[in-house]
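Following: one structure in structure tokens, then a few remarks.
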Amino acid sequence: MPQVLIIHSSAQIGESRKENQGSYTRQMARLLKDSLKGRGVRLVERDVAAHPPGMIDASFINASRTPENQRTPEQIERLRESDALVDEVLRSDVIVVGCPLYNFGIPAPLKAWIDNIVRLGRTFTMGEQRKPRVIYGLLHNKMVVILASTGCSGYQPGGCREELNHGDKAVRAVFENLGVHAFEYVVMEGVCEDAPEEIEAKWTRSRLKIDEVARRIQTRWRNRHCIN
Ligand SMILES: Cc1cc2nc3c(=O)[nH]c(=O)nc-3n(C[C@H](O)[C@H](O)[C@H](O)COP(=O)(O)O)c2cc1C
């Protein structure tokens with residue numbers, strides 16, 4: 001049974017459409033979850049906003065660069081949380097990332113999660129040659145679903161704020177670097193500036209897209225199941 005890992009990162013804990021001050025990405029994730037029910041997938045959720053992973057520092061970087069069989073007990077302990085987060089990613093076939101745009105970037109806990117799961121020898125490796133050193137992503141055959149929400153509009157390709165998008169675009173770049181080729185997007189733009197009827201129309205499109213993404217996840221798994 002394929003595993004779908006959902007990462008929540010909005011600081012808002014409620015759902016946007018139910019409460020005035022809730023989160024669109026959380027609501028999108030919940031709709032995707034509802035739509036995946038009965039489709040033969042295992043769902044796992046991680047709320048990095050509620051439980052932020054530790055920040056990386058020199059001890060983390062040095063431990064992660066030390067070959068596994070040479071690590072001290074302190075270094076093994078230093079990497080324990082990261083190892084658990086990496087294991088969760090490696091066990092998952094689909095990774096759904098709730099991606100609110102905060103100050104043109106991603107929420108700090110989501111960045112901390114990413115810093116913990118990008119691990120030499122576990123999620124990427126380096127080429128043999130020293131120069132140029134090429135990174136090889138190790139996350140093969142996984143799909144990443146990005147649920148993005150932004151207060152203003154124009155951050156997507158071709159938009160007037162495209163250059164300012166260091167949010168979902170950065171998340172995609174990280175996963176591409178880790179070897180992911182399959183991406184799905186659901187985007188709610190302009191949630192703080194658009195008229196209510198415009199937001200309503202966008203929400204309707206998002207709901208349809210979420211159902212489509214759920215179907216694609218199911219189809220992808222079925223196809224892989226047949227091949228294996
Ligand atoms: C701390 C903070 C920073 C934000 N920064 C931006 C920003 O730089 N650009 C933008 O368009 N919207 C910005 N917004 C609006 C959010 O992107 C928008 O409310 C989005 O829906 C957040 O996702 P969520 O609904 O899942 O919490 C910001 C909101 C917050 C709370």
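Atoms within a ligand are numbered from 1 in the order they appear, just like the ligands themselves. Residue numbers run from 1 in the order of the sequence given.
Counting only heavy atoms from C-beta outward, the side chains of S153 and E198 never approach each other to under 4.5 Å.
Listed by atom number, the atoms of ligand 1 under 4.0 Å from C152 heavy atoms are 10 (C), 11 (O). Residue contact check: N103 has heavy atoms under 4.0 Å from atoms 3 (C), 4 (C), 5 (N), 6 (C), 7 (C), 8 (O) of ligand 1.
Shortest contact from atom 9 (N) of ligand 1 to any protein heavy atom: Y155 OH, 3.0 Å. Here the heavy atom of the protein found nearest to atom 27 (O) of ligand 1 is S10 OG, 2.6 Å. Looking from atom 23 (O) of ligand 1 to the surrounding protein, the closest heavy atom is P100 CB, 3.1 Å. At the top of the distance list for atom 12 (N) of ligand 1, counting protein heavy atoms only, stands G151 N, 3.0 Å.
The backbone and the side chain of L101 each have at least one atom closer than 4.0 Å to an atom of ligand 1 (non-hydrogen atoms only).
Between V191 and ligand 1, no N or O atom pair is found at a separation short of 3.5 Å. At under 3.5 Å, not a single nitrogen or oxygen of C192, backbone or side chain, sits near a nitrogen or oxygen of ligand 1. Taking only nitrogen or oxygen atoms, main chain and side chain alike, S149 reaches within less than 3.5 Å of ligand 1. Between R26 and ligand 1, a contact under 3.5 Å exists for no N or O pair.
Between D34 and R207 no salt bridge is recorded (no basic side-chain N to carboxylate O distance below 4.0 Å). Ion pairing of E77 with R80 is present here, as a side-chain N (NZ or NE/NH1/NH2) and a carboxylate O approach within less than 4.0 Å.
Relative orientation of the W113 and F175 rings is tilted, given thresholds of 30° and 60° on the angle between their planes.
In this structure, CG on L120 lies 12.0 Å from CD1 on I61, to the nearest 0.5 angstrom.
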